[in-house]
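What follows is one structure encoded as C-alpha cells, with my remarks underneath.
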Amino acid sequence: MREVNVTRAMGAAMRRIHVGNALSAFGLGFTVPYLYVYVAQVRGLGSVTAGLVLAVFAVAALVVLPFAGRAIVRRGPLPVLLTALVVAAVGALSLGVSGQAATVLLSAALLGAGQAVMQPALATMIVDCSPAETRSRAFALQFFLQNLGLGIGGLIGGHLVDTSSPASFTLLFGIEAAMFLLLVGVLATVRMPRAPRVADAPEGAKGGWRQLLGNRAMTQLLVLGFVLFFACYGQFESGLSAYGVEAAGISTSALGTALAANTLAIVVAQFAVLRFVERRRRSRVIAAVGLIWAVAWAIAGYAGLGHGSQTMATAAFVSTYALFGLGESMLSPTLVPLVADLAPEGMAGQYNSAFALVKQLALAIGPAVGGPLAAALPGPYIVVFLLFSLLMTALAVRLGQRLTQVQDRPWSLRATRVVRQGGTPAEAEEPAQA
C-alpha cells in the first residue's frame with residue numbers, strides 16, 4: 001500500500017512538473033525572439049546595448065550554475081526552483097519597464113540567472129519523480145512540451161507586439177512574469193518524494209566538483225555535450241542563419257519556415273522515435289544523431305554552394321533544420337537521463353547543473369565563432385561543422401565503452417526486475433568504470 005501511495009505521489013508531482021515546463025517555455029517564447037528588437041529599436045538603446053543584453057544572459061547563466069548544483073543537492077530542487085522563478089519574474093517585469101541601458105542590463109541578468117537555474121532544478125525534480133526505466137519517456141515529454149510552449153508563445157507574442165508601442169512590449173514581459181509566478185503557485189504545493197541530500201549521500205558522493213570531474217564517464221559526456229551544443233544549437237540563430245542568408249540567398253520568410261520545420265520535426269517525431277530510442281544503447285543513439293547531423297550539414301552545403309535553383313536551395317535549407325529537429329528528438333530521451341544515471345545517489349542536482357553549464361558555455365561560444373565564419377568563409381564553415389558532427393559520433397562510441405550495462409541500456413533494468421520477480425537469479429550488473 002505504501003508503495004502504491006508513493007507511486008501516486010510521484011505521478012501527481014510529475015504532472016505538475018510537466019505543466020511547469022510548458023508554462024515556463026510559453027513565457028520565454030513570448031519574449032526571447034523579440035528581445036533584440038525591443039532593446040535596440042523600441043527602447044532606442046542601439047545594437048551594441050542589445051548585443052550586450054544577449055551576452056548578459058549567457059554570462060549570468062555561467063555565473064550562477066556552478067552554485068546552483070550545490071544548492072539543489074543541499075536544499076532540494078523545489079526550493080531552488082521557486083527562488084529562480086521569483087528572480088526571473090522580477091527580471092522580466094523590470095525589463096518590460098526599463099528605459100535605460102543600466103536597468104535593462106540588470107534586468108536581463110536577473111532574468112538570465114533565473115532562467116538558467118530553472119533547467120537543472122526541473123531536470124532534478126523529474127529524476128526524483130521517475131524510476132530509471134521510465135525516465136527516458138519523462139524527459140521526452142518534457143522536451144516536447146518545452147518546444148510546444150516556445151512555439152505557441154512565440155506565435156502569440158508575435159501578434160501582440162508593435163514596434164511603435166513600448167506598451168505592447170511591457171504587456172509581453174508582464175505576461176512572461178505572470179507565467180513564472182503562476183508556475184510558483186502550481187509547484188509550491190508539490191509533495192516531492194524524499195530524495196537523498198548531500199548529508200545522506202555516501203561518502204564518495206560528497207566531493208562536489210572534484211568528485212564529478214573524477215568520474216571519467218561524466219567528463220567524457222561533458223566534452224561530448226559541449227561538441228553537440230556547439231555544433232548544433234549554437235548555430236541555429238547565428239552561424240547557420242547567416243550562412244543561409246549570405247551563401248544560399250535564403251529570404252527571411254524562408255528562414256522562418258526553416259525554424260518552423262525544426263519545431264514541427266520535433267513535435268511530430270518525438271514520440272514516433274521514442275520507442276526506437278528506448279530499445280537502443282544510448283551511446284549508439286547519440287552516435288547516430290552525429291551522423292544525421294553530418295548529413296544535415298552536407299545538405300546545407302548543397303543549399304549554399306551547390307549552384308542549384310533558388311527553390312532547391314530553399315528546400316535543402318529547410319530540410320537541414322528538419323534533420324536537426326529529428327536529431328534533437330532522439331537526444332531528448334537520451335542525454336539528460338544519462339546524466340542522472342551517472343550521478344551518485346543524492347548528486348543529481350550537481351550533475352544536471354554541470355551539464356547545463358557546459359551547454360551554456362557552448363551556446364555562448366558557438367554564435368561568436370559560427371556567425372563570423374559563416375559570413376566570411378561559407379565553404380570552410382560547412383566543412384568545420386560537418387567534422388564536428390562526425391567528432392560527436394566518435395566521442396559517443398568512445399563514451400559507450402565507459403558506461404555500465406544499465407547506464408547504456410536502461411531497459412535491461414526492467415528486464416532484470418522481471419526476472420527477479422520470476423524467481424530466477426538476476427544477472428549481475430557490470431561494474432561501473434571510474
Side-chain angles (χ1 to χ4, degrees), residues 25 29 32-33 139-140 142-144 146-151 154 224-248 250 252 254-274 276-277 285-306 312-336 359 362-363 365-367 369-371 373-374 378 381-393 395-396:
V32 170
F139 278 102
Q142 179 206 28
F143 189 69
F144 171 83
Q146 280 180 340
N147 280 276
L148 193 61
L150 284 169
L224 172 59
F226 179 86
V227 169
L228 73 89
F229 286 118
F230 176 78
C232 174
Y233 296 88
Q235 303 307 312
F236 270 0
E237 295 175 4
S238 57
L240 190 54
S241 57
Y243 168 84
V245 172
E246 297 293 337
I250 301 299
T252 54
L255 181 58
T257 301
L259 290 168
N262 175 262
T263 302
L264 182 63
I266 293 170
V267 171
V268 171
Q270 184 63 83
F271 296 103
V273 303
L274 184 58
F276 172 82
V277 168
V285 171
I286 301 171
V289 172
L291 295 177
I292 291 171
W293 285 356
V295 172
W297 282 111
I299 294 174
Y302 167 78
L305 309 170
M312 290 298 293
T314 300
F317 195 72
V318 172
S319 299
T320 297
Y321 272 82
L323 284 173
F324 277 125
L326 174 62
E328 290 174 76
S329 67
M330 295 170 66
L331 289 175
S332 62
T334 305
L335 274 176
V336 183
K359 176 181 178 179
L363 293 180
I365 296 175
V369 173
L373 182 61
Y381 171 75
I382 292 295
V383 172
V384 165
F385 285 97
L386 191 154
L387 292 176
F388 262 101
S389 297
L390 295 177
L391 175 62
M392 174 181 155
T393 296
L395 290 173

**Study point:** Any L228 side-chain heavy atom under 4.5 Å of L335 side chain
**Key:** yes
Point to revise | Minimum heavy-atom distance between T393 and A287, given as atom pair plus value | key: OG1-O, 2.8 Å
Review point. With sequence neighbours excluded, what pairs up with A294 under the side chain to side chain contact (heavy atoms under 4.5 Å, CB included) test?
Key: L386, S389, L390
**Study point:** Between CD1 on residue I250 and OG1 on residue T314, distance to nearest 0.5 Å
**Key:** 4.0 Å
Exercise for review: Might you point out which heavy atoms bring A313 and A248 nearest each other, and give the distance in Å?
Suggested key: CB-O, 4.2 Å
Revision key, fill the gap. Here the pair of heavy atoms bringing I382 nearest to A300 is CD1-CB, 4.0 Å
Review point. Which residues pass the side chain to side chain contact (heavy atoms under 4.5 Å, CB included) test with V383, sequence neighbours left out?
Key: L387
Review point. What residues form a ring-ring contact (aromatic ring centres under 6.0 Å, His included) with Y302, not counting sequence neighbours?
Key: none
**Study point:** Check: F317 and Y243 side chains under 4.5 Å, non-hydrogen atoms
**Key:** yes
Check your understanding: Taking only residues two or more places apart in sequence or in another chain, which ones pass side chain to side chain contact (heavy atoms under 4.5 Å, CB included) with V285?
Key -> V277, R280, M330, T334
Review point. For F388, which of F226, F230, W293 qualifies under ring pair (Phe, Tyr, Trp, His ring centres under 6.0 Å)?
Key: F230
Check your understanding: If every non-hydrogen atom of L274 is compared with every non-hydrogen atom of A140, which pair is closest and at what distance?
Key -> CD1-CB, 3.9 Å
Result block: side-chain N/O donor-acceptor pairs under 3.5 angstrom for residues 261-273, not counting sequence neighbours:
unit_1 : atom_1 : unit_2 : atom_2 : d
N262   : ND2    : Y321   : O      : 3.1
N262   : ND2    : E328   : OE2    : 2.9
T263   : OG1    : L259   : O      : 3.4
Q270   : OE1    : S332   : OG     : 2.9
Q270   : NE2    : S329   : O      : 2.9
Q270   : NE2    : S332   : OG     : 3.1

**Study point:** W297: ring-ring contact (aromatic ring centres under 6.0 Å, His included) partners, not counting sequence neighbours
**Key:** F324, Y381, F385
Check your understanding: Any idea which heavy atoms bring L323 and I292 closest together, and the distance?
Key -> O-CG2, 3.8 Å
Exercise for review: For L363, enumerate each residue passing the side chain to side chain contact (heavy atoms under 4.5 Å, CB included) test, keeping only those at least two apart in sequence or located in another chain.
Suggested key: Y233, K359
Exercise for review: Taking all heavy atoms of M392 and all of L224, pick out the closest pair and write down the distance.
Suggested key: O-CD1, 3.5 Å
